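Inspection log for the structure reproduced underneath, given as structure tokens.
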Protein chains: 2
Amino acid sequence: MKNVDQVIRAFRDRGYKVTPQRIAILEVLEGNKTHPSADDIYVSLRRKHPTMSFTTVYNTLETLKELGEIQELTIDQRRLHYDPDITLHHHIMCTQCGHIDDIFADYTQAIQVPEEILRRFHVNGHSVQFYGLCSYCQDHGDA
Amino acid sequence: MKNVDQVIRAFRDRGYKVTPQRIAILEVLEGNKTHPSADDIYVSLRRKHPTMSFTTVYNTLETLKELGEIQELTIDQRRLHYDPDITLHHHIMCTQCGHIDDIFADYTQAIQVPEEILRRFHVNGHSVQFYGLCSYCQDHGDA
DNA sequence: GTCCATGCAAACGATTTGCAGAGTT
DNA sequence: AACTCTGCAAATCGTTTGCATGGAC
């Protein structure tokens, strides 16, 4: 995601309105490396924006996705997470606590799809994710 | 998944009861290459087993997972799919119609996790999946 | 007869939708 | 003023849970 000011400009350019709610959500996302869920974002805004609604969080995330400013992570079957870093990278999630970390590696060349599949599919993308136990959970967890 | 008779034996060995419902679900799964969801299984059984419940489908899938007879696919964010083929392979899903195909390839060596991550995580597994448009949807779809 | 499994209904949790009123342009 | 956005409430949908009855052993 570009910085807040630049995204605001992108909004104006596209005819999207710049509302206090949208700015607040952008501020939460800017430089955010925690891979928040919609709920995480909602909760982190509740104090300063008590009237913020889930609808607005979801709407804004959808808009930012459309603009290509954030990416949706499908690493967690239970809920979607969002990442303002749209450069090519991957993720690992702790199966105990749900913590998600970045993995900066490019596996594009490494995972070639067999010819046979290419004959039957127009491949648009792929997704690689890892699962494990983070340091904390290795020491404290018990599952 | 082993064949129905063998899984029935595995059930008995573990003290799990062999019920008509469980057998029916096993029969749906044996050799099944369609990667059904719980709902798909439920629907395909409704006619011959009108009293079959979702609870039983979910319970049985859970049991089969525990026994390592099937694997749960997380390729579809909307719902879980199940695969009786537990050998190492991957999948591709058509983003239009949801059809899932097998990809028989082993990317284990290809996707090495950076040292830096290994220091912070005990990696237990990974997941690689592809997305695209199947032949049918390339010709007929419009998204 | 014991105990696990089934099936119904209700609960749950993430996400989506309908819509009236509010705010941006 | 026009038109989008917000926020509330309700709906949706896959999955889980509580529990009484039923069936496998």
Side-chain angles (χ1 to χ4, degrees), chain A residues 4 7-26 28 35-67 70 72-82 93 98 100, chain B residues 4 7-26 28 35-67 70 72-82 93 98 100:
Chain A
V4 173
V7 178
I8 286 176
R9 223 167 296 146
F11 268 59
R12 289 224 165 82
D13 290 350
R14 298 277 195 120
Y16 293 130
K17 291 178 179 165
V18 178
T19 66
Q21 293 88 337
R22 283 176 169 177
I23 294 174
I25 292 168
L26 287 177
V28 169
H35 314 91
S37 65
D39 186 68
D40 293 334
I41 294 168
Y42 175 71
V43 168
S44 76
L45 286 170
R46 263 200 91 75
R47 205 179 328 155
K48 296 188 73 169
H49 299 263
T51 69
M52 175 73 65
S53 71
F54 265 110
T55 309
T56 298
V57 173
Y58 278 111
N59 284 345
T60 301
L61 289 171
E62 177 62 28
T63 303
L64 289 170
K65 231 194 321 173
E66 270 173 43
L67 293 178
I70 61 173
E72 208 169 60
L73 307 187
T74 57
I75 195 174
D76 184 352
Q77 187 74 24
R78 299 169 308 166
R79 79 197 91 241
L80 292 165
H81 292 259
Y82 297 88
M93 183 172 77
I100 298 172
Chain B
V4 173
V7 179
I8 286 176
R9 222 167 297 147
F11 269 59
R12 289 226 165 82
D13 290 350
R14 297 278 196 121
Y16 293 132
K17 291 175 180 168
V18 178
T19 67
Q21 292 90 338
R22 283 176 169 176
I23 293 174
I25 293 169
L26 287 178
V28 169
H35 313 91
S37 65
D39 188 68
D40 293 333
I41 294 168
Y42 175 72
V43 168
S44 75
L45 287 170
R46 262 199 93 74
R47 205 180 327 154
K48 297 188 73 170
H49 298 264
T51 69
M52 175 73 63
S53 72
F54 263 109
T55 308
T56 298
V57 173
Y58 279 111
N59 284 346
T60 301
L61 290 171
E62 178 63 27
T63 302
L64 289 170
K65 233 195 316 172
E66 270 173 41
L67 293 178
I70 61 173
E72 206 169 61
L73 307 187
T74 57
I75 195 173
D76 183 353
Q77 187 75 23
R78 299 170 308 164
R79 78 196 87 244
L80 293 165
H81 292 260
Y82 296 88
M93 183 172 77
I100 299 173

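What you see is a predicted model; the values in this text were computed from it and never measured. Side chains included, hydrogens not; waters and symmetry mates left out as well; all remaining heavy atoms used. Reminder, nothing fancy here: chain letters follow the sequence lines and each chain counts from 1.
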Does B:A10 offer a backbone N or O that forms a donor-acceptor pair with the side chain of B:D13 under 3.5 Å?
no
Between CD of A:E62 and P of C:dT16 the distance, given in whole Å, is 7 Å
Using modelled atom types and a 3.5 Å cut-off, is there a donor and acceptor pairing between side-chain atoms of A:T60 and backbone atoms of A:V57?
no
Phosphate-side-chain proximity, A:T19 and C:dT24, N/O vs OP1/OP2 below 4.0 Å:
no
With nearest nucleotide decided by heavy atoms, which residue, A:P20 or B:P20, maps closer to the 5′ end of DNA chain D?
A:P20
Taking atom P of C:dG13 as reference, at what distance in whole Å does atom CZ of A:F54 sit?
12 Å
According to a strict under-4.0 Å criterion, is B:Q21 in side-chain N/O contact with OP1 or OP2 of C:dA5?
no
Pairwise distance CG(B:D76) to CD(A:Q77) - rounded to 0.5 angstrom:
7.5 Å
Interatomic distance where CD1 belongs to B:I41 and C1' belongs to C:dT6 [whole Å]:
17 Å
Phosphate oxygens OP1/OP2 of D:dC13: is one of them under 4.0 Å from a side-chain N or O of B:R78?
no
Is there a side-chain contact between B:R22 and the phosphate of C:dA5, meaning an N or O under 4.0 Å from OP1 or OP2?
yes
Please compare B:K17 and B:A38 by the position of their nearest nucleotide in DNA chain D and report the one closer to 5'.
B:A38
Looking for any heavy atom pair under 4.0 Å, which part of the strands does B:R12 touch: base, sugar-phosphate only, or nothing?
sugar-phosphate
Contact under 4.0 Å: A:Y58 side-chain N or O vs C:dT15 OP1/OP2:
yes
Remember a base hit wins even if backbone is also touched, and classify A:D39 as base, sugar-phosphate or nothing at under 4.0 Å, heavy atoms.
nothing
Roughly how many Å is it from CE in A:M52 to P in D:dC8, rounded to a whole number?
11 Å
Select one nucleotide: of C:dT6, C:dT25, D:dG14, the one nearest the side-chain heavy atoms of B:S53.
C:dT6
Sugar-phosphate, base or nothing in reach of A:Y16, heavy atoms under 4.0 Å:
sugar-phosphate
Contact nearer the 5' end of DNA chain C, comparing B:G15 with B:Q77:
B:G15
Nearest-angstrom distance from the residue atom CG of A:L73 to C1' of C:dA14
16 Å
Roughly how far apart are A:I25 CD1 and A:L64 CG, rounded to 0.5 Å?
8.0 Å
Across the strands shown, which category fits B:T55 at heavy-atom distances under 4.0 angstrom: base, sugar-phosphate, nothing?
base
So if I take every side-chain heavy atom of B:N59 and compare against C:dT6, D:dT6, C:dT15, which nucleotide ends up nearest?
C:dT6
Regarding B:T56 and B:N59, is there a side-chain donor-to-acceptor distance under 3.5 Å anywhere?
no
Under 4.0 Å from OP1 or OP2 of C:dG7: is there any side-chain N or O of B:T51 that close?
yes
CG of B:D40 versus P of D:dG14: gap in Å, rounded?
10 Å
CD1-NE2 distance between B:I75 and B:H81, expressed to the nearest 0.5 angstrom:
8.0 Å
What is the distance, rounded to the nearest whole Å, between atom CG of B:D13 and atom C1' of D:dC25?
15 Å
